[in-house]
There are 2 protein chains.
Amino acid sequence: MGYCQLPTQGGTVLLLRHPHNTEDCRATSEILQRVGDKWTVLVVGKLGHGPLRFNELRAAVGGISQKMLTTTLRGLERDGFVTRTVFPTIPPRVDYELTELGHELLIPVSALGEWARRNTQRVREAREKFDGMHG
Amino acid sequence: MGYCQLPTQGGTVLLLRHPHNTEDCRATSEILQRVGDKWTVLVVGKLGHGPLRFNELRAAVGGISQKMLTTTLRGLERDGFVTRTVFPTIPPRVDYELTELGHELLIPVSALGEWARRNTQRVREAREKFDGMHG
DNA sequence: CAGCATCCCTCACGATACTG
DNA sequence: CAGTATCGTGAGGGATGCTG
């Protein structure tokens with residue numbers, strides 16, 4: 001147990017084991033903190049369908065403030081996950097779109113999401129049991 | 001493009017696509033926030049080798065305060081990722097160990113870590129380019 | 001329309017001191 | 001050894017108002 005198959009660019013399949021050294025754990029932790037904020041995954045997920053304008057994206061995500069959408073998009077743009085295209089019209093139009101890197105990021109992130117959906121029930125049960133014993 | 005193969009309990013392989021609806025994105029976001037704090041993945045990664053005592057774990061992780069290790073472990077125990085075993089000796093001895101659920105969580109998390117290690121260079125280049133243009 | 005600037009608040013996290 | 005209790009700080013995030 002404890003492996004994961006991950007497709008590579010060349011079409012081969014990579015067999016994956018747990019990171020056992022500290023460096024690997026740090027890299028894992030860093031990317032998780034990077035995408036583990038409140039909005040990043042929601043934004044990237046919505047852009048997975050195709051490019052969206054600022055307010056389209058805001059409506060699609062739902063519940064996000066204007067400030068946080070701007071902040072999140074700037075971060076994604078800086079890291080190369082998203083492109084920002086300005087059309088110099090009046091009123092202005094700005095399109096956001098996932099880069100190839102952004103699409104590739106979505107692959108392992110989606111795998112983690114799939115795991116989450118499959119195991120929410122087990123986590124909920126563990127939580128209720130714990131709270132019942134300690135509450 | 002945009003798929004990921006994930007092994008299941010039965011030995012079959014699950015073909016995975018991007019989450020396209022809002023519910024899936026939310027579940028993904030929630031688990032990412034859950035494991036996206038500063039220490040959770042480091043602690044889980046260290047426990048991947050086998051059970052550890054409190055101070056062994058603290059030394060293995062490195063840099064974590066006593067308070068945060070306690071907090072992180074309580075959260076992991078509550079969600080069913082870790083078991084806590086107290087030996088009523090003097091001085092006391094407490095062992096922490098990954099549950100089956102904890103080991104299973106490590107699979108997609110490791111996949112994301114593997115992606116991170118493979119793509120840090122691309123992210124760094126994007127960052128330098130962005131900072132060069134906007135700084 | 002797509003933002004920037006500002007104020008404010010909560011909470012994650014660290015440091016320190018104490019205990020069964 | 002393995003915690004609990006308390007305090008202080010900074011970053012993440014929301015609300016509101018203004019602008020090219």
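In what follows, chains carry the letters A, B, and so on, assigned in the order in which the sequence lines appear, proteins first and then strands, with residues in each chain numbered from 1. Remember, it's a predicted structure, so these values are computed and weren't measured experimentally.
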With the threshold set at 4.0 Å, does a side-chain nitrogen-carboxylate oxygen contact exist between [X] and [Y]?
X	Y	result
E104(A)	R122(B)	yes
R93(A)	D95(A)	yes
E114(B)	R118(B)	yes
D24(A)	R26(A)	no

So, do [X] and [Y] sit near enough that their side-chain heavy atoms are less than 4.5 Å apart?
X	Y	value
Q33(A)	V41(B)	no
T28(B)	L112(A)	no
F81(B)	L105(B)	yes

Distances for protein N/O vs nucleotides 16-20 of chain C N/O pairs under 3.5 angstrom?
none

Quick check on contacts: within residues 52-60 of chain B, what sits under 4.0 Å from DNA chain D by heavy-atom distance?
R53(B), F54(B), N55(B)

Please classify the nucleic acid contact of F87(A) as base, sugar-phosphate, or nothing, using heavy-atom distances under 4.0 Å.
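Answer is nothing: F87(A) stays at 4.0 Å or more from every strand.
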
Quick check for you: name the first and last nucleotides of DNA chain D, 5' to 3', having an atom under 4.0 Å from a heavy atom of chain B.
dC1(D) to dC7(D)

At what distance, to the nearest 0.5 angstrom, does [atom1] of [X] lie from [atom2] of [Y]?
X	Y	atom1	atom2	result
M133(A)	E128(A)	CE	CD	14.0 Å
W115(B)	I31(A)	CH2	CD1	5.0 Å
T40(B)	L32(A)	OG1	CG	9.5 Å
H134(A)	R74(B)	NE2	CZ	7.0 Å

Please report how far the helix from dC1(C)-dG20(D) to dG20(C)-dC1(D) bends, comparing the axis fitted to its first five pairs with the axis fitted to its last five, to the nearest 10 degrees.
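End-to-end axis angle for the helix from dC1(C)-dG20(D) to dG20(C)-dC1(D): 50°, rounded to 10°.
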
Flag yes if more than 12 heavy atoms outside Q121(B) fall under 6.0 Å of its CD atom; otherwise flag no.
yes

Protein-nucleotide distance (D95(A), atom CG; dG3(C), atom P), rounded to Å:
11 Å

Looking at T83(B) and E97(B), would you say the former's side chain and the latter's main chain have a donor-acceptor pair under 3.5 Å?
yes

Tell me which residues in residues 68-77 of chain A lie within less than 4.0 Å of DNA chain C, going by non-hydrogen atoms.
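Those residues whose heavy atoms fall under 4.0 Å from DNA chain C, taken from residues 68-77 of chain A in numerical order, are T70(A), R74(A).
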
With D79(B) via salt bridge (charged side-chain N to carboxylate O under 4.0 Å, His left out) - residues at least two apart
R127(A), R34(B)

